[in-house]
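Following: one structure in structure tokens, then a few remarks.
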Protein chains: 2
Amino acid sequence: MYTIGEISRRTGVKVPTIRYYEQMGLMAAAERTPGGQRRYCREGLDQLGFIKHARDLGLSIEAIRDLIRLNAHPDTPCDEADRIAAEHLVSVRNRIEQLKRLEAELQRISTQCKAGTVKDCYVIRALADHSLCENEH
Amino acid sequence: MYTIGEISRRTGVKVPTIRYYEQMGLMAAAERTPGGQRRYCREGLDQLGFIKHARDLGLSIEAIRDLIRLNAHPDTPCDEADRIAAEHLVSVRNRIEQLKRLEAELQRISTQCKAGTVKDCYVIRALADHSLCENEH
DNA sequence: CCATAACTCTATAGTCACTATAGATATAGA
DNA sequence: TCTATATCTATAGTGACTATAGAGTTATGG
């Protein structure tokens with residue numbers, strides 16, 4: 001049996017975050033000692049690992065809840081799980097594209113400014129005047 | 001003079017968001033009609049445009065507050081403004097790199113799953129077992 | 001057996017940048 | 001003057017935590 005601090009150390013998820021996951025219904029409610037402290041067995045550790053991994057990949061709590069629910073029914077079709085992953089992949093790709101446009105714009109703004117004072121600063125002028133931008137964002 | 005709805009339409013910033021910016025000290029407090037409604041002149045419109053543009057580029061409220069403060073002193077050196085933009089550029093680039101790693105991992109997870117049921121679903125197995133991953137995230 | 005240190009408990013509030021809602025008031029046009 | 005639309009304030013909610021206070025529990029060393 002592990003204390004909450006132990007599974008925190010092993011998974012890298014902070015203690016209050018584990019309690020938060022329990023409250024949100026991601027982690028099953030842990031057994032308790034007579035004094036009321038949480039004790040986890042192997043299963044709890046695995047479950048938290050699953051959640052951590054999914055969070056690291058950027059999946060929302062909501063999506064993870066769905067995946068956990070699916071995982072509890074091993075014989076149902078997995079289209080739904082595939083769909084969740086695929087949809088998330090699309091949103092990650094969109095986000096990358098958007099950030100690349102911002103990167104280009106920021107670089108242009110940053111490197112063009114050779115002025116010494118705020119009055120002529122290209123960074124500030126560019127922010128004030130959208131027409132100085134090269135693409136949409 | 002523009003109503004709050006008008007500058008909202010012209011800039012694409014929602015009405016409650018404009019009031020929020022005023023509360024946060026980004027927008028100067030607007031003049032009021034005898035009945036207490038906000039009225040903006042050209043300056044307010046420009047200021048909101050500046051904020052919108054900076055937000056679209058992903059700058060934080062805090063960073064924008066700094067830039068506005070700088071903008072009010074046109075003869076001070078603009079190193080600080082350049083630094084804010086450059087630092088943000090670095091953080092955007094880091095974020096892009098991180099998302100690219102996630103994208104690769106998600107794609108691998110998504111495309112490998114040919115199973116029909118949750119029991120064998122690669123998406124779910126990969127989430128449960130970090131050792132199936134190819135790189136760190 | 002007891003003191004103590006380290007850990008854990010709950011409940012609540014704060015973070016960021018909004019967004020939504022309720023209920024009241026103001027304004028513009030017919 | 002009526003009415004539709006817009007606006008006002010104040011408050012609460014969003015997501016995914018993080019921080020804090022104050023109390024209680026557990027493990028260890030003497």
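Quick note on labels: first sequence line is chain A, next is B, and so on, each numbered from 1.
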Protein-nucleotides 15-19 of chain C N/O pairs under 3.5 Å:
residue: C:dA17; atom: O3'; partner: B:Arg55; partner atom: NH2; Å: 3.3
residue: C:dC18; atom: OP2; partner: B:Tyr21; partner atom: OH; Å: 2.8
residue: C:dC18; atom: OP2; partner: B:Arg55; partner atom: NE; Å: 2.7
residue: C:dT19; atom: OP2; partner: B:Thr17; partner atom: OG1; Å: 3.3

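- Salt bridge annotation for A:Glu105-A:Arg108: present, with a cationic side-chain nitrogen under 4.0 angstrom from a carboxylate oxygen.
- In this structure, the side chain to side chain contact (heavy atoms under 4.5 Å, CB included) partners of A:Thr33, at least two apart in sequence or on a different chain, are A:Gln37, A:Arg39.
- A search for side chain to side chain donor-acceptor pair (under 3.5 Å) contacts involving B:Arg32 returns nothing, not counting sequence neighbours.
- Each of B:Arg9 and B:Gln23 was assigned the nucleotide of DNA chain D with the nearest heavy atom; the assignment lying further toward the 5' end belongs to B:Arg9.
- Less than 4.0 Å separates DNA chain D from at least one heavy atom of each of the following residues of residues 28-50 of chain A: A:Thr33, A:Gly35, A:Gln37.
- Legend: residues meeting side chain to side chain donor-acceptor pair (under 3.5 Å) with B:Asp79, ordered by chain and number and at least two apart, are absent.
- Scanning for side chain to side chain donor-acceptor pair (under 3.5 Å) contacts around B:Glu31 gives an empty result, with sequence neighbours left out.
- Listed by first and then second residue, the side chain to side chain donor-acceptor pair (under 3.5 Å) pairs that reach into residues 11-29 of chain B are B:Glu22-B:Arg38, sequence neighbours excluded.
- Sorted by first and then second residue, the pairs that involve residues 59-70 of chain A and meet side chain to side chain donor-acceptor pair (under 3.5 Å), not counting sequence neighbours, are A:Glu62-A:Arg65, A:Asp66-A:Arg69.
- For B:Asp75, the side chain to side chain donor-acceptor pair (under 3.5 Å) partners two or more places apart in sequence, or in a different chain, are A:Lys119.
- Partners of B:Asp129 according to the side chain to side chain contact (heavy atoms under 4.5 Å, CB included) rule, which considers only residues two or more places apart in sequence or in another chain, are B:Ser131, B:Leu132.
- Under the salt bridge (Lys or Arg N to Asp or Glu O under 4.0 Å) criterion, A:Glu80 pairs with A:Arg83, sequence neighbours left out.
- Here chain B contacts DNA chain D (any atom closer than 4.0 Å to a heavy atom, that is under 4.0 Å), and the contacts span D:dT7 to D:dT9 from 5' to 3'.
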